Structure formats: C-alpha cells, structure tokens
Amino acid sequence: MRKLLSFFILAQFSLVNYSQIIADHSVVDLYDKIPQQWIDSVKTMWMVYAGESHAEAIRYGLPALEADNPAYTVSVIESGTPEAFTTSNLRMCNAVWGDYGHSEGWVWNNYGEEDWWTNSTAVNRIKAGLTYCNTNGPALTAIGFGWCWDATDQDSSFNIDPVYGVHWYGRSLFSPEGDRYWGIDDDDNTVSGNSVNMNTYLAATQSYIDYCADSIPTAIFFTTGPVDFVRNTRPIIGDEALYQGHLKYEHIRNYVAKDVTRILFDYADILCYNNAGELATKTWNGNTFPTLHDDNDWPASGYTGHIGKDGAVRLAKAMWWLLARIAGWDGSVDGIDTSPPSTPTTLTITASTASSVSISWNASTDNIAVTAYNIYRGGSLLGSTSELTYTDNTVVPCTNYTYTVSALDAENNESAQSSGVLVNNAVPTPQATLTQPTCSVYTGTIQITSPTGTGIEYSINSGTTWSTSTNFALLPANATYTVNVRNTTANPGCVSSASFTINPVPASPSAPTVSSSTPANVCPAVTVDLTSLLTSTTPTGGSLFYKTANNIISLNVANPAAVGAGSYYLFYQNQDGCYSTGTEIIVGINACNFPDITPTVIITPNISHGITSFNIFVRITELNSIITNGNIVVNIPRDSRWVLNGGYNAGLTILESTPLNNSDWSYSSDATNHIFTSSSPIPGGGFSTIGFSITFNPDINRGIYTITAQIESGGGGEVRVTNNVDSEKLDYFQE
C-alpha cells in the first residue's frame, strides 16, 4: 500500500518527462504550448482510436476543443471511407480495415477486445489492415485501442488472487476460453481460468509496433481504459472491480516505462484529475487508488463515451499533445530546455558492509549536458553527486535497502528514476509450516521452510543454542514460540525472528448418554431400537457412531434400530475429529409366546332339501392362552347358491340360543369372499363367535356342499397358521 500511495504523491508533482511520449494528466494544460509548426503537422495526420462506447469521448472532445479554440481544427467522421490526405485539419475516426468478424473492408464502431488482442485472428487482421493502409491509403499516422469496460466488467472470479488480494474481473470475447474475467499475467490464469491477461494485450500491441518498425510509418500507442463506475442503466461496477482495473493499468504503465520508444495515451490518468489539477481517489480494502473525478463525470442531462464534456475536452487536449510529439516536437516551449536527461542504467552494488553500501551506474545523456545525479534510498532522496558512483555511509546493520538514481541537467530537469537495486543486509524473516496437536498427538511441530541453505542456523526462544536443523518437534501445546534465524556466512551477527503458535490440544466430546444401558425387548418385538435410547445431542458438526466393540475402529452396527442380544457401544466424534469414550449398552432379548387362533364352522341344520334357510356360526378360538393383538380377518368364499338373509346384522347378540360377538366384527365383501374383520382382542384360551343366516338354493342339483372359513395369516399377532381353515358340509337331497 505504501508503494501505491508514493506513486500518487510523486505523480502530482513530477515534471513532464519529454524524453518519452506519455500523454497523461500532466500534459493536458500544455496543449496550447504546441508550436504552430507542430500544430500544422498534426493537421496532416489521420489518427484512429478504435473502440466501443468510451472511444466516443475522444471523437466528441476533439470538435468540442475546436469550438473553444479554432486553431485545433479536426474532422471526425463515423461511416463511409476515411478521408483523404489534407493539410487543413486533423482527421480522426474509429474505422479499421478488417476486424475479427471481417477479413477486409472498412469497419466502423463496436470495435472491442476481440478485434485487438484476445485472439490470433484479431492480431493477424490488424497487421493486414496496417499493410492495407500503407499500400492503398489513406496513410495511417497513429492508432491505439480504445478500451471500454474490458478490464472491469463481468462477474468476478470465484477465488481471490493470492498475490494481489482481489477477485479478477473483465471481458475477453473470443479468447480461447471465451468471454471471461482475466488477470495481469500468466500466474493469474489459475485463478481466472483464462489464458489471456493484460500481458496478452501488451504482447499484441507490441507485435503491431514490431510489425511496423521497418516498413510501415504508423505509430502504435498503448492506452489505459475507463475509470468510471456508472454503466448507465446497467449495474454499478463495485470498488473492488475498479481497484483491480487500476492494478491492470499500472501494469501497462510499468511496461511502457521500460522502453523509451513506447508511447502511452493514459486515458485513465487524464480523467482522474480535474482542470484544477485535483486527483480523485477511492479506497477499497485499505488500498487507495485513483478514480474518475466528478468534474469529468457525465451530467444527468446526458453524456458521451460515459463521461461529460470537461472530461472529453481533457482527452482531446492530451491527444493533440501526443500527436504533436509523434510528429516530432520535443516538447520544449519558447526555446527553454524542458527535456530531462535519459534515465540512468545498469545500477549496480559495488561493495556492501554492515555499515555502508557503494553503488555505480552508467552515464545518462542530455540534449545539453548532465550536471548531477540524485540518489534515492527507499524512494527518499539520499544525496547527489556529479560522479557515477556513490557510497552510503548511513547504513543500519542488518537492514535491507533499495536504491535508485535519476539524472539532472542545468535547468534542473530530472529524469525518471532508474530500476531499483536491493541490498540484502538482513536475514529473511523465517517462514514455517506447522503441524498442530491432534486428538491423539498432544504436541506440535515447527518446520522451517525459509530461509534454508548453507550457513543458516536456527534457535527457538532463547537464541543461545543454535542448530542447522529446520525441524522443532515435540513442542508442548497451547504456546507461542519465537524462531530465530541467522546466516553465519553472508550476514554474521544479523538475526531475524518470527513467532509461531502451537494450538491447544483439541478437546474430546463427552460420551453419549442413554435412557437405559440394559434394555430388553417388549413382546411381541424380538429386537431393541438403540436409537430410541439416546438422550444427548450430537456435537455441532460432529457424528454419532454405533459400534460392535468398545473401539472406534470396530465394525459399525448394521441396523441400530433393530439389534439382537449383545453388547453395543456408542461414540461421538466432534468437528475437530476427536472421539468420546464409548457408552456401553447391553441388550437382552426375552423369548416371546404368540397367540394361536383357529376357526370352527357350524351349520344348522346341515341336512335339508329344497330351498331353505340355514344358520352359520363361525367361532374364532385362541388356543395358546395368549391374548390376540391387531386385526383378525376371516374370509368365507362366496357361492352363487346362497346369500345372507337381510345382510349381516352387527347388532345380533344371540342366534339359536348361541351367544354372538357380531358387534366386534365388521362385514364387507369382494368378488371372491365374504369378509369379516375385527380388531377386538380375543382373551387367551377364549373365543369370539360370528353368526348369520343364509338362504340356500341348489336349484336341481343334489349332493354335499361345503362352506369354508379361513383366517388370514398373521391375524391377531399369531405365528402358527397351519390351523387357520375349517369347513362344514351341507347335505342336500331333492324332494
């Protein structure tokens, strides 16, 4: 975070660096310092800013600038064929010859990431278009990609990048993986699931520069993208998306800075400042970063390219400055030397002790002369010299320092700072992996992973006993340990430390509690339900186990809800993986006797002739001296020769002096049977009698007819069913 804040502070007060063409907020107010000859040169140019909606702002801002200052004449067209050469005005449009969807022909508007950098088809067609313009005209002076929300749009990645601490956002239409969010470099592809990233844009743009280098006089410039967060009627882009977009634009700036021949139109930076030079910032997750200034935002009455007129005109002013520099203007004004020296190179550490560091570098060049060099340590000015060497005698032992150097000329124009060089006077802070106590291992281990190697020694807590072993084992739990590291070879006397905590031993859960530890079955059941005995609650996130022995690794009980005689054990496991002691349950199974019922059928009279009535009695007798339980169903097969007289009379209590239990039985029938059903218990050794009258009509037949009664198996809770049928014969003869 400190590094980012330093960048913003320096950016607000740095001098304009004319040694490299970078159009950012610092050049906006210099547009009217462009000498007339270079304004005239820009009026011979055709420039393309190919993009989607945000590119509209450039095409709107240029005519708006001309309306304010007629010296900056421009012609902007939106369709047809690009204008032919002229000396009267800058020609500007967003037309390209061919794009991803068209192998040739002028393509206007809706030019997105898929047409510039996300796929090889786009790259090849851009190069073909550069060749076409160079061969057939009109001659293309400069071209850059007009970013839309390509770096900040879409849903975020599922995971957070471990280096940058953000989810990745963005669009990548027609990339190999399709339209997905993306990161900065290849290391981010695992998080994004996308093989394209900001380096893909840089590589594509650099390939166009290299393609034009020897034979095509077209300047290819890098660009940054939008910093606005309102998408009209679409959802608002969140601050995290804006922050990771800023990181991507910083990556572009850093890449451009590495080669003074690279050109940058810093769209984002221009719009983060207003015309008073004030920077707008936002903060996300402790990170402060630049954002769209309210003065540049689009008004409620309308917008162009998602920004207001002030922002569009700022872009136009910076674009005139950029094109004048591309035309050949060195940026100097009224004969005053404003060109800084080149950046010093090859900064090297030549000597290093515990109290001093010596550095050297290669000389810079200047359009007049280099007069001095500034030496910076950790970004702060340390001293100056006219030599190419410098010794820092204020070094604190065992401390790391980063040095950079810049060059100055007689007008105090200062170059950019060189690449930094690091002095490693400190021993790196130890890193380690920890093995924490478990339910069965009550100690922990600290395994040092860095630094390691020859001459590295370690000590724990006291710092008096040193060892080359990287492993500290059998450490008591619930304690914090300080690990000390020293390098006896490279940094004698320097020690670094880090603290590591060994957690407490995880607690075991309490044993399960039960309502009975010696349950038995209740007849007629012949098993016991262990699950019904539990009176305690399983630990949150834990599990309950039923085991066949007093050991957690023993077999699980196959069906805890129905077990036979024996010993069983219940265990809890908590979310830390620790097991309780076992709770023993000893199950006893009592032998059960079961009812035995049988029917008896009596017909009176059982000898007759002609059409006549008979009385039928069915007695259901319990033979085993055990009361019945559950439904009893008696079936009497239907026969077309007889029917019940008047139906079944459930209120009949006596028939032929025989007491009846008809009220305990309900009657129904189906196509096969007369069905009698009762849920009333029959006492052990007792009986229940059903009685009813029938009319018998054998027609012309004579002989013996059988009436059968059968109890459905299992009725009344019985087990023995071999005696569940009885019948009575009816002897009939014709008169």
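Just so we're clear, the structure is a prediction, and the values are computed from it rather than from any experiment. One is the number of the first residue; the rest follow in order along the sequence. Any value given below was found using the heavy atoms of this structure, including those in side chains, with hydrogens, waters and symmetry copies removed.
Residues W149 and Y169 keep their aromatic ring centres 6.0 Å or farther apart. Within the 6.0 Å centre-distance limit, the rings of W361 and Y373 are counted as a close aromatic pair. Centroid-to-centroid, the aromatic rings of W147 and Y201 come within less than 6.0 Å.
Using a 3.5 Å distance cut-off with no hydrogens or angles, the side chains of T283 and T288 do pair a donor with an acceptor. In the model, T118 has no side-chain atom that pairs as donor or acceptor with a side-chain atom of E113 under 3.5 Å. Between the side chains of N189 and N197, a donor-acceptor pair is found at a separation under 3.5 Å. D228 and H54 share a donor-acceptor pair across their side chains, judged by distance under 3.5 Å alone. Between the side chains of D266 and H25, no donor-acceptor pair is found at a separation under 3.5 Å. Of the N and O atoms on the side chains of Q244 and T152, not one donor lies less than 3.5 Å from an acceptor on the other residue. T465 and S459 share no donor-acceptor pair across their side chains, judged by distance under 3.5 Å alone. Counted by atom type alone, S195 and E177 present one or more donor-acceptor pairs between their side chains at under 3.5 Å.
F265 pairs by the ring-ring contact (aromatic ring centres under 6.0 Å, His included) definition with Y49, not counting sequence neighbours. Residues meeting the side-chain hydrogen bond (donor to acceptor under 3.5 Å, both in side chains) test with D29, sequence neighbours left out: none. Residues forming a side-chain hydrogen bond (donor to acceptor under 3.5 Å, both in side chains) with K317 (at least two apart in sequence, or on another chain): none. Listed by chain and residue number, Q20, Q206, F222, Y255, V256, K258, D259 satisfy the side chain to side chain contact (heavy atoms under 4.5 Å, CB included) test with R262 (two or more places apart in sequence, or in another chain). Contacts of S352 classified as side-chain hydrogen bond (donor to acceptor under 3.5 Å, both in side chains), with partners at least two apart in sequence or in another chain: N425. Residues passing the side-chain hydrogen bond (donor to acceptor under 3.5 Å, both in side chains) test with T365 are S342, sequence neighbours excluded. Residues passing the disulfide bond (SG atoms under 2.5 Å apart) test with C212, sequence neighbours excluded: none. Not counting sequence neighbours, the partners of W320 by the ring-ring contact (aromatic ring centres under 6.0 Å, His included) test are Y72.
Of all heavy-atom pairs between H167 and S157, the closest is CD2-O, 2.9 Å. In this structure, G165 and I160 approach most closely via the heavy-atom pair C-CG2, 3.5 Å. The two atoms that bring E114 and N119 nearest to each other are O-ND2, 2.9 Å, heavy atoms only. Nearest heavy atom pair, residue P341 against residue V370, reads CB-CG2, 3.9 Å. Residues D295 and D310 approach most closely at O-CB, 3.5 Å, considering heavy atoms. Here the closest heavy-atom approach between residue P451 and residue Y458 is recorded as O-OH, 2.6 Å.
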Start with the C-alpha distance between V27 and Y31, add both sets of side-chain angles, then the distance that settles side chain to side chain contact (heavy atoms under 4.5 Å, CB included), and finish with yes or no. CA-CA 7 Å; V27 308; Y31 85 101; over 6 Å; no
Show, in sequence, the C-alpha distance, side-chain angles and deciding distance for L322 and M319, and conclude whether the side chain to side chain contact (heavy atoms under 4.5 Å, CB included) test is met. CA-CA 5 Å; L322 176 85; M319 183 59 73; 3.8 Å; yes
Please walk me through it: do W117 and I126 pass side chain to side chain contact (heavy atoms under 4.5 Å, CB included)? CA-CA 9 Å; W117 62 276; I126 284 287; over 6 Å; no
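Applying the disulfide bond (SG atoms under 2.5 Å apart) test to pairs two or more places apart or on separate chains, those with a residue in residues 385-424 are C398-C494. Applying the salt bridge (Lys or Arg N to Asp or Glu O under 4.0 Å) test to residues at least two apart or on different chains, none of the pairs has a partner in residues 489-499. Screening residues 242-287 for disulfide bond (SG atoms under 2.5 Å apart) gives no qualifying pairs among residues at least two apart or on separate chains. Applying the salt bridge (Lys or Arg N to Asp or Glu O under 4.0 Å) test to every pair with at least one member in residues 388-410, sequence neighbours left out, gives these pairs: R377-D392.
In this structure, the side chains of D188 and Y164 come closer than 4.5 Å at one or more pairs of heavy atoms. Side-chain contact between S360 and L388 is absent, with no heavy-atom pair separated by less than 4.5 Å. Between I220 and I143 there is a side-chain heavy-atom pair separated by less than 4.5 Å. At a threshold of 4.5 Å between non-hydrogen side-chain atoms, the residues L279 and P290 count as touching. Between V483 and I448, some side-chain heavy-atom pair lies under the 4.5 Å cut-off. Counting only heavy atoms from C-beta outward, the side chains of Y481 and I460 approach each other to under 4.5 Å.
The side-chain tip of K33 does not point at the ring of W329 from less than 6.0 angstrom away and within 45° of straight on.
The closest donor-acceptor contact from the side chain of T350 to the backbone of S358 lies under 3.5 Å. Remark: the backbone N or O of T291 is not paired with any side-chain donor or acceptor of K282 at under 3.5 angstrom.
L382 pairs with exactly one of Y376, Y390, Y401 by the side chain to side chain contact (heavy atoms under 4.5 Å, CB included) rule, that one being Y390.
Classification of D150 and R171 as a salt-bridged pair holds, one side-chain N sitting under 4.0 Å from a carboxylate O.
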